[in-house]
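Worksheet: the structure to be examined is printed underneath.
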Amino acid sequence: MPTSSDTIADFTRARFPELARVDLAVSDAGQDGSDRQYFRVRAGSTEDNRSIVVMRYGTDRQENEAFVPLTEFLEEIDVACPSLLSHQQDERLVWLQDLGTHDLSSHNANDWETIRRPYYEAALREVIKIHQFSENDLRKNSPTLVDRLEPHFDASMYHWEQEYFFNNFATSLSAADQSTVRTAAENSVLKNLTEELARYPRALIHRDFQSRNIKVIDGNIYFIDYQGMRFGLPEYDIASLIYDPYVSLSADQRETLIAYYCTLLQDSSTPHLTLTDDDFRDRLAKCAIQRLMQALGAYGFLTYKKHKSHFLESVAPATANLREVIATSPSFAFLLPILDLKDPLPQP
């Protein structure tokens, strides 16, 4: 799928006639863990420093095809996301509002009360707009979109995430012997977890709701990388945010965000979101275990299968977060030996 800067410049000039005679500077804007490429296109002189982000998506993952209709849907329900400027489907190119380079993780060292907390609370206010939609609601509002979404979270999806953890994290990064790994993978507590989470009413969720997917520009937050949106548990999104390995949150800060989201739930009149604080917290802990297992599996996969060694930096914070959750959920203590890491971590 690699595309040259000159090609991106040519397509951009053709798509935007007002740029036909303008000098365009094209730079890499990141790729991370996907089969998508991002380019930043700057137009004009330094005095007129306009810029656009161009996304080139591949064919490896069906979810990439959903990005444009999901962006249109988010704009319809007033969720902050990049403005869609143009789409050339035959070339798999999307032109988007440039949201800059700062995200929630960029503010990790800033003051909690005056900077970070307001941004996190703003993100929660935005994401609950997505969580308001049950499958029936979305079919009424956007009937064609439902069939474009990735498969919803069910017992088989949760089981796949757990296998992803054992196959890509435990076999590559864990210091545990393979007998210990196999015994943990076969523990009935994990099967019970998949069945329990699958029983709860599902809502529309972001699916990868973490700090690097929440851009910050001019004091406002915007969501990105939502092409994996599907029906699941809102608690999975909240767990992704507050146990995010890319940032550091204290137990008190996590509690502040949990309490804030619970107040948003109380203000919601949506039946599938109506539950007590205790029920929410119980589901949240279980979703946090599930999500962190998935994240650790992803770090192993991206490191050793995709040769992206920078994901190793997130392994230790993710295992620390999972240990913290397990401390309040002792039935999952059998996972602790798997979280002991090889020293040093093997390089790809």
Side-chain angles (χ1 to χ4, degrees), residues 1 28-40 52-75 77 79-85 87 92-108 119-120 122-124 126-131 145 148-153 157 161 164 204-217 220-232 234 236-247 291-292 294-295 297-299 301-302 306 308 310-311 314 318:
M1 191 187 70
D28 180 28
Q31 183 179 9
D32 214 24
S34 69
D35 67 335
R36 298 179 297 278
Q37 291 176 286
Y38 292 90
F39 302 87
R40 177 165 284 105
I52 299 171
V53 166
V54 184
M55 180 182 80
R56 175 83 191 278
Y57 56 91
T59 57
D60 290 351
R61 302 183 67 173
Q62 182 178 338
E63 67 180 27
N64 290 329
E65 298 283 349
F67 181 84
V68 168
L70 282 170
T71 300
E72 294 169 340
F73 167 72
L74 293 179
E75 289 179 335
I77 65 171
V79 170
C81 65
S83 297
L84 180 63
L85 305 178
H87 179 210
R92 304 191 306 279
L93 289 169
V94 181
W95 286 264
L96 299 162
Q97 173 191 8
D98 187 357
L99 297 174
T101 60
H102 288 90
D103 53 43
L104 269 185
S105 71
S106 306
H107 294 274
N108 194 36
Y119 284 147
Y120 273 90
L124 292 173
E126 290 299 303
V127 81
I128 201 170
K129 297 176 187 177
I130 299 172
H131 296 166
L145 183 61
R148 303 292 298 272
L149 299 178
E150 288 294 287
H152 61 239
F153 273 102
M157 179 68 71
E161 287 190 335
Y164 192 53
L204 193 61
I205 65 172
H206 183 291
R207 169 60 176 85
D208 197 13
F209 190 55
Q210 41 92 353
S211 61
R212 293 185 180 177
N213 288 338
I214 302 171
K215 288 286 191 177
V216 178
I217 182 170
N220 298 309
I221 63 99
Y222 296 83
F223 294 166
I224 63 169
D225 276 5
Y226 39 76
Q227 61 281 334
M229 196 179 295
R230 67 193 72 195
F231 290 102
Y236 190 99
D237 270 354
I238 306 308
S240 301
L241 183 68
I242 68 173
Y243 291 103
D244 178 3
Y246 298 134
V247 298
R291 167 63 178 184
L292 286 164
Q294 183 276 332
Y299 298 152
F301 175 81
L302 293 167
K306 296 294 186 177
K308 299 175 183 290
H310 64 279
F311 283 100
S314 302

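It should be emphasised that the depicted structure is a prediction, and the values quoted were computed from it without experimental measurement.
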Between Leu145 and Glu72, does a side-chain contact (heavy atoms from CB on, under 4.5 Å) hold up when you go through it step by step? CA-CA 10 Å; Leu145 183 61; Glu72 294 169 340; over 6 Å; no
Could you please spell out the steps behind the side-chain contact (heavy atoms from CB on, under 4.5 Å) verdict for Tyr120 and Ile242? CA-CA 9 Å; Tyr120 273 90; Ile242 68 173; 6.0 Å; no
Using ring centroids (six-membered ring only for Trp), state whether Phe209 and Tyr236 fall under 6.0 Å.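 Aromatic pair excluded; centres sit 6.0 Å or further apart.
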Taking the six-membered ring for Trp, are Phe67 and Tyr57 ring centroids under 6.0 Å apart? no
Tell me, do Leu84 and Leu96 make a side-chain contact under 4.5 Å, heavy atoms counted?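 When only atoms from C-beta onward are counted, Leu96 and Leu84 do touch, with a gap below 4.5 Å.
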Met157 vs His152 side-chain heavy atoms within contact, under 4.5 Å: no
Which atom pair, heavy atoms only, marks the closest approach of [X] to [Y]?
X: Gly58; Y: Asn64; result: O-ND2, 3.7 Å
X: Leu241; Y: Leu104; result: CD1-CD1, 4.3 Å
X: Ala123; Y: Phe223; result: O-CZ, 3.5 Å
X: Ile221; Y: Ala80; result: O-CB, 3.1 Å
X: Trp95; Y: His87; result: CE3-N, 4.3 Å
X: Ala298; Y: Tyr164; result: N-CE2, 3.3 Å

Between atom [atom1] of [X] and atom [atom2] of [Y], what is the distance when rounded to the nearest 0.5 Å?
X: Leu70; Y: Arg148; atom1: CG; atom2: CZ; answer: 8.5 Å
X: Leu204; Y: Met229; atom1: CG; atom2: CE; answer: 5.5 Å
X: Ser211; Y: Tyr246; atom1: OG; atom2: OH; answer: 8.0 Å
X: Ile217; Y: Asp103; atom1: CD1; atom2: CG; answer: 12.0 Å
X: Arg230; Y: Arg207; atom1: CZ; atom2: CZ; answer: 5.0 Å
X: Tyr38; Y: Asp28; atom1: OH; atom2: CG; answer: 12.0 Å

Salt-bridged, Asp225 to Arg212, with N to O below 4.0 Å? no
Can Glu126 and Lys215 be counted as an ion pair, charged N to O under 4.0 angstrom?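 No, no charged N to carboxylate O under 4.0 Å.
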By ring pair (Phe, Tyr, Trp, His ring centres under 6.0 Å), which residues pair with Tyr222, not counting sequence neighbours?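 So Tyr222 forms no ring pair (Phe, Tyr, Trp, His ring centres under 6.0 Å) with any residue.
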Sequence neighbours left out, what passes ring pair (Phe, Tyr, Trp, His ring centres under 6.0 Å) with Phe73? Give chain and number order.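 Residues passing ring pair (Phe, Tyr, Trp, His ring centres under 6.0 Å) with Phe73: Phe133.
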Verdict with reasoning, Thr101 to Arg40, per side-chain contact (heavy atoms from CB on, under 4.5 Å): CA-CA 10 Å; Thr101 60; Arg40 177 165 284 105; 4.0 Å; yes
Quick one about Thr71 and Tyr226 (side-chain donor to acceptor, distance below 3.5 Å, no hydrogens or angles considered), yes or no?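 A pair is found: one side chain offers a donor N or O, the other an acceptor, under 3.5 Å apart.
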Could you check whether atom CD of Glu75 has more than 12 heavy atoms from other residues, nucleotides or ligands sitting under 6.0 Å from it?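 It does: Glu75 CD has more than 12 such atoms within range.
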Given side-chain contact (heavy atoms from CB on, under 4.5 Å), test Asp98 with Val53 step by step and report yes or no. CA-CA 5 Å; Asp98 187 357; Val53 166; 3.5 Å; yes
Check: His206 side chain, His131 main-chain N or O, donor-acceptor pair, under 3.5 Å: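 Pair absent, no side-chain N/O of His206 close to backbone of His131.
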